[in-house]
Peer 1: 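Here you go, one structure.
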Amino acid sequence: MFSHLWVDMMERLGLDPEVIECRWGTGADEDRMEEALRADTGHKIRAVCVVQNETTTGVYSDVARIRSVLDKLGHPALLMVDGVSSIGALEFDMDAWKVDVAVTGSQKALSIPTGLALVCASDKALGAMKTAKLKRCYYDFADMLKTNPSGSVPYTPSLPLLYGMRESVALLREEGRGNLVARHRRLAEGTRAAVRAWGLELLCKVPRWYSDALTVVEVPKHVDSNDVVRNAYAKYNLSIGVGLAKVNGKVFRIGHLGNMDEVSLLGALGGVEMAMRDAGYTDFTPGAGVGAAVAHFQGESRVLPGRAL
Ligand SMILES: *Cc1c(COP(=O)(O)O)cnc(C)c1O
């Protein structure tokens, strides 16, 4: 869905995107990207755009592999990444992957309120800006670059959010990048173990594309996933995500990114179990998913950064 929103934005801006359609639940297909780029002998494609973590389907695309396709072909297109639900939670390496433009927001992994958009641009992208003809105003990098050296931005900034982000980034640094990525992996694997124990399947079928930021669960045909979400909210004060757009009614989403830990997630998994039973899915023993997650978390447990036994 977020890829399609990106496509919609490009079309409204008068750009001409070439869209590589895939089944919902698959990642950005490197082979098909390679085909499209190989066919582009005149280098008309100016940018390859990819949503790193698709928050609708629970799919984490392999940006490093997409970079290696561009390198292999010597194609000069810019690499642009929507990292809204991945940056600050999952592996993302702007420099090693030579990402040219990355965008994220304050409301996902950074765990602060909605309101800040964060953009990183490479030297190559800043170079392309100088000759780009597309009209722009609000997010013109040139305006940002003019005011940034004095610690400012061209428009009135949301100071409370900037203070929030300072703390949020301090927390990320304190945990450390390796621990951060490992925590999200651990939470996701525990959740996937729960899904298996419930006898259900993920929307994403390809393990290398599994998202560690959220888990998107398919419900059996006789169950409406919106019922699961409604029961969770109305009866257990638990917010899980509805299936968006094409997969509405067919899946629900369990978020486990940002300010989240094993104990909180176990509560959520217990809530999901109750809500699924309320919605008519009873083909599992109560506690089966929670138990599988407990076993996973306990097996992987270690002393928290900064704590001692
Ligand atoms: C949430 C999300 C967005 C949208 O962010 P907005 O702040 O609503 O514009 C875009 N892409 C992804 C991958 C997201 O998860």
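Start at 1 and go down the list; that is how both ligands and their atoms are numbered. Computation of the quantities below employed the complete heavy-atom set of this structure, encompassing side-chain atoms and omitting hydrogens, waters and symmetry-equivalent molecules.
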Peer 1: Find out whether the Lys NZ or Arg CZ of Lys108 is both under 6.0 angstrom from the six-membered ring centre of Phe2 and within 45° of the ring's axis.
Peer 2: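 That pair qualifies as a cation-pi contact.
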
Peer 1: Under 6.0 Å between ring centres: does that hold for His184 and His256?
Peer 2: no

Peer 1: Show the numbers, then the answer: is there a salt bridge (Lys or Arg N to Asp or Glu O under 4.0 Å) between Lys205 and Glu218?
Peer 2: CA-CA 11 Å; Lys205 307 294 179 203; Glu218 288 179 331; 2.8 Å; yes

Peer 1: With heavy-atom distances below 4.0 Å as the criterion, list the atoms of ligand 1 near Asn53.
Peer 2: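 Under 4.0 Å from Asn53, ligand 1 has these atoms: 13 (C).
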
Peer 1: Which option, Gln52, Glu54, Lys108, owns the non-hydrogen atom nearest atom 14 (C) of ligand 1?
Peer 2: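 Minimum heavy-atom distance to atom 14 (C) of ligand 1 goes to Lys108.
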
Peer 1: Counting C-beta onward and ignoring hydrogens, is there a side-chain heavy-atom pair between Trp198 and Phe284 closer than 4.5 Å?
Peer 2: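 In contact.
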
Peer 1: Using side-chain heavy atoms (C-beta onward) and a distance below 4.5 Å, is Pro154 in contact with Met144?
Peer 2: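 Yes, at least one pair of side-chain atoms sits under 4.5 Å.
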
Peer 1: List the closest protein heavy-atom neighbour of atom 4 (C) of ligand 1: residue, atom name, distance to the nearest 0.1 Å.
Peer 2: Phe2 CE2, 3.7 Å

Peer 1: Below 4.0 Å from any atom of ligand 1, is there a heavy atom belonging to Gln107?
Peer 2: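 Contact present.
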
Peer 1: With atoms numbered from 1 as shown, which atoms in ligand 1 lie under 4.0 angstrom from a non-hydrogen atom of Val51?
Peer 2: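 Atoms satisfying the 4.0 Å criterion: 13 (C).
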
Peer 1: Can you label the angle between the Trp24 ring and the His4 ring as parallel, tilted or perpendicular, going by 30° and 60°?
Peer 2: parallel

Peer 1: Is there a polar contact, in the sense of an N or O pair closer than 3.5 Å, between Thr114 and ligand 1?
Peer 2: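 So ligand 1 has no N or O lying under 3.5 Å from an N or O of Thr114.
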
Peer 1: Within a strict 4.5 Å, meaning less than it, do heavy atoms of the Leu244 and Arg253 side chains meet?
Peer 2: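 Leu244 vs Arg253: side chains touch.
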
Peer 1: What residue and heavy atom of the protein are closest to atom 15 (O) of ligand 1, and at what distance?
Peer 2: Thr55 OG1, 2.4 Å

Peer 1: Under 4.0 Å from any heavy atom of Ser85, which atoms of ligand 1 are there?
Peer 2: 13 (C), 15 (O)

Peer 1: Is there at least one pair of N or O atoms, one from Asp82 and one from ligand 1, spaced under 3.5 Å apart?
Peer 2: yes

